[in-house]
Q: 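Submitted below is the structure of interest, expressed as structure tokens.
Computed from heavy atoms alone, side chains included, the values below leave out hydrogens, waters and symmetry copies.
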Amino acid sequence: MIEGLIGGFGDVVQPWNLLLLFLGTGLGLMVGALPGLSSPMAIVILLPLTYTMEPLSALLTMIGVYVGTKLGGSFAAILLRTPGTPAGACTALDGHPMAERGEAGLALGYATLASTFGGIFGWVIAITFIPVLASIALKSGNADIALVGILGLLMVSSFVRGSMLKGLIGVLLGLLISTIGLDPIDATSRFTFNIVDLMSGIPFAAALTGFFGIAVVLSDLKLIGQRSEKIAKNVNLALPKIMDVLKRWRPAVIGGLFGTGIGAVPGVGAEGATWISYATVKRQSKNPDNFGKGEPDGIIAPESTNNATTGGTMVPMLTLGIPGDGSTAIMLGALVLHGVEPGVMLFQANSDLVYGILAGLLVATVFMFLIAWRAIGIFIFVLQQERSWLFPFVLLLATIGAFATVNSVYAIYIAIFFGVVGYLLESRGFPVVTIVLGIILGPIIEANLRLALVISHNDWTTFIDTWPRQLIVTLIVLFLSWELYSGIKNTRKGKHSKIGISD
Amino acid sequence: MSEKMKDITVGIVLVAVGLFALFYIQFGPGEAIQSSRDANITFRSFPIAISILLVVISCLYVVSSLMSLSSPRKDKMGLDGNENAKVAPPSFLFLRILAVVAMLIGFALLIGKIPFFLLTGGFLFIAFFIFGEKRMGLNAVVAVLGGGLFHGLFVSILNLPLY
């Protein structure tokens, strides 16, 4: 592992890769700071710019954006009480009151330090567990891969924000969409309606730009004209004193643990994890009444959690090929576009790439701290700008990005179609990230299911003939039963989960 | 249309999608190779299973939504699932959405037919106007600069066949 990691750092510190990581992190901070823009959207519109890059360079750019948005969301939360990302909402509870009493710089300082700590904490956990899990995953057969894929989709739909039934429907829609095109084994066209373009299937990146680019802009059109006012002028980030930081180690560590642990569970994402860690730290605090009134621990816990999830989400993504959230789903798609197959073989076949990604994660965290510490004024300026100037560029980048996937106008129409469908479904509470995950994992699940049956000569008991498979099947049945029961019950009562994956 | 009726409508549409997919894949064109037929799992198997599940789950959703008609709605689901967003968009917002979609379709129709610089500049200019920016002079300047930037990046540097 050590040699691999050293090699990874060696790749990352190449000047071009370092520059991309730096620019990506800066872009991520900016995107995260702006309410209405999200990490998946920023990563999606970067896709066309990364087509000509090496896989590692492309992934490093996206990781920089991914890490940067985690802290960027807290800037708006502290200064404007409007979080730039859903996961930053928790930070607003104590960050904004601190800013209102003239300590905006200090609040930003606590957030930056806690985010950096959480990012490093999550990274340490990731590099410890990923090689171990990867070696376990390597022993899996086709049946195991198919079952893990199904379990992953069920977990995502279970923990997704909104109704579980809607999450399940989203996953099924994604799986159905993934069957469009030529069947990989029989080479028979499915759902192509004699349209030649459809025979190659739905261009994955075009669907992504539709769901995460066009649909988000359509949803955010209501924000046009809502200009936020800055509450303090000339805000500079003020790092807290060392002794003050050291005595607040407990909320930082609790945040790191929750972030990494929950981040590794596909579907929950940072948003849910921040609220859970905030509630835990408040409950254990000697001064719980101070929370919500500008208590620094109320900033440290969620921010540490937020960035620790970056390490957590890497665990299922790099070992099993199951994304932890929307951003890692797009990164998996980027791997496919660059000819790298994600899944259980990724670590064995491309270990240098995996270690490069892990090294990039740590370097991006360091860049995040440095950029936020020294250039906070730029992000405050960006926060004041009208979205009406930004959205046209986002739309154009998304559209050109879709075109660039197959160099065909057909991909633009696909992106527009999924943009409209995504907007309509999101407006009814269907989380589109489940559809995206269904599209990504559908071909993997189907191919491995069919191969497992061919190898076992059509013996379905192959899916339960080892104890790990029996365990996974049991979990699948339990998750499915729980989802159906909870989903029906909550839909009847009009209840929806407020935590879960959002970006 | 009330929010609950919209939920029911979406559910019915999803059931229809599932049924269409099921019948199309079951009775539509195509033939499996011999080894697939021997294994009893062909190109139709996976889509059939997914379609059936989609129909069943969507029916459950429709039934649950119908049953919730009698209970008061406890949340306000906004346009993006955000409970704090407005429930009903104003009509100009709907027109704005239509205009954006039309603009994107127009962009797709014209790509390759007019110079890319003009296309992106025109797209940006119209988009700024649709998004509420009424300062035409400034819109034009930013549109020209933006068009140049996109042309330089995607045509000159990345060599995409967009012209």
Q: If you count heavy-atom pairs under 4.5 Å between each of A:Ile400, A:Val432, A:Asn407 and chain B, which one has the most?
A: A:Ile400
Q: So which atom in A:Ala215 and which in A:Gly419 form the shortest heavy-atom distance, rounded to 0.1 Å?
A: CB-O, 3.3 Å
Q: Would you call the rings of B:His151 and B:Phe117 parallel, tilted or perpendicular, taking 30° and 60° as the class edges?
A: perpendicular
Q: Quick one: which of A:Thr399, A:Leu396, A:Val409 has the most heavy-atom pairs under 4.5 Å with chain B, could you say?
A: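 Counting heavy-atom pairs under 4.5 Å, the top option is A:Leu396.
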Q: Decide, yes or no, whether a salt bridge links A:Arg190 with A:Glu446 under the criterion of side-chain N to carboxylate O below 4.0 Å.
A: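 Yes, this pair counts.
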Q: Need one label for A:Phe191: side chain, backbone, both or neither, based on atoms under 4.5 Å from any heavy atom in chain B.
A: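 A:Phe191 touches chain B through backbone and side-chain heavy atoms alike.
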Q: Of all of B:Val17, B:Leu149, B:Ile130, B:Thr120, which one pairs up most often with chain A through heavy atoms under 4.5 Å apart?
A: B:Thr120
Q: Which answer fits A:Ile416, side chain, backbone, both or neither, if we ask what part of it has an atom under 4.5 Å from a heavy atom of chain B?
A: side chain
Q: Please state whether the side chain, the backbone, both or neither of A:Tyr410 comes within less than 4.5 Å of a heavy atom of chain B.
A: neither
Q: Using a strict cut-off of less than 4.0 Å between a Lys/Arg side-chain nitrogen and an Asp/Glu carboxylate oxygen, indicate whether A:Arg428 and A:Glu426 qualify as a salt bridge.
A: no
Q: How about A:Phe430 and B:Tyr61: are their ring centroids closer than 6.0 Å?
A: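 That pair passes the under 6.0 Å test.
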Q: Is B:Leu14 close to chain A through its backbone or its side chain, or both, or neither, when contacts mean heavy atoms under 4.5 Å?
A: side chain
Q: Chain A heavy atoms under 4.5 Å from B:Phe128: which part of the residue, side chain, backbone, both or neither?
A: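 For B:Phe128, heavy atoms of backbone and side chain both lie under 4.5 Å from chain A.
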Q: Given heavy-atom pairs under 4.5 angstrom as the criterion, report whether the side chain, backbone, both or neither of A:Ile412 touches chain B.
A: side chain
Q: I'd like to check B:Leu124 versus B:Val142 (side-chain heavy atoms, cut-off strictly below 4.5 Å). Are they in contact?
A: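 They are not in contact (no side-chain heavy atoms under 4.5 Å apart), so the answer is no.
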Q: Step through the shown structure and confirm whether more than 12 heavy atoms of other residues, nucleotides or ligands are within 6.0 Å of CZ on B:Phe129.
A: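 No - once you tally the heavy atoms of other residues, nucleotides and ligands closer than 6.0 Å, there are 12 at most.
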Q: Under a 4.5 Å cutoff for heavy-atom pairs, which residue among A:Thr52, A:Val420, A:Leu424, A:Leu395 has the most contacts with chain B?
A: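 Option with the greatest count: A:Leu395.
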Q: Kindly assign one of parallel, tilted or perpendicular to the pair B:Phe23 and B:Phe27, based on the angle between their ring planes and the thresholds 30° and 60°.
A: parallel
Q: Under a 4.5 Å cutoff for heavy-atom pairs, which residue among A:Trp389, A:Tyr413, A:Phe393 has the most contacts with chain B?
A: A:Trp389
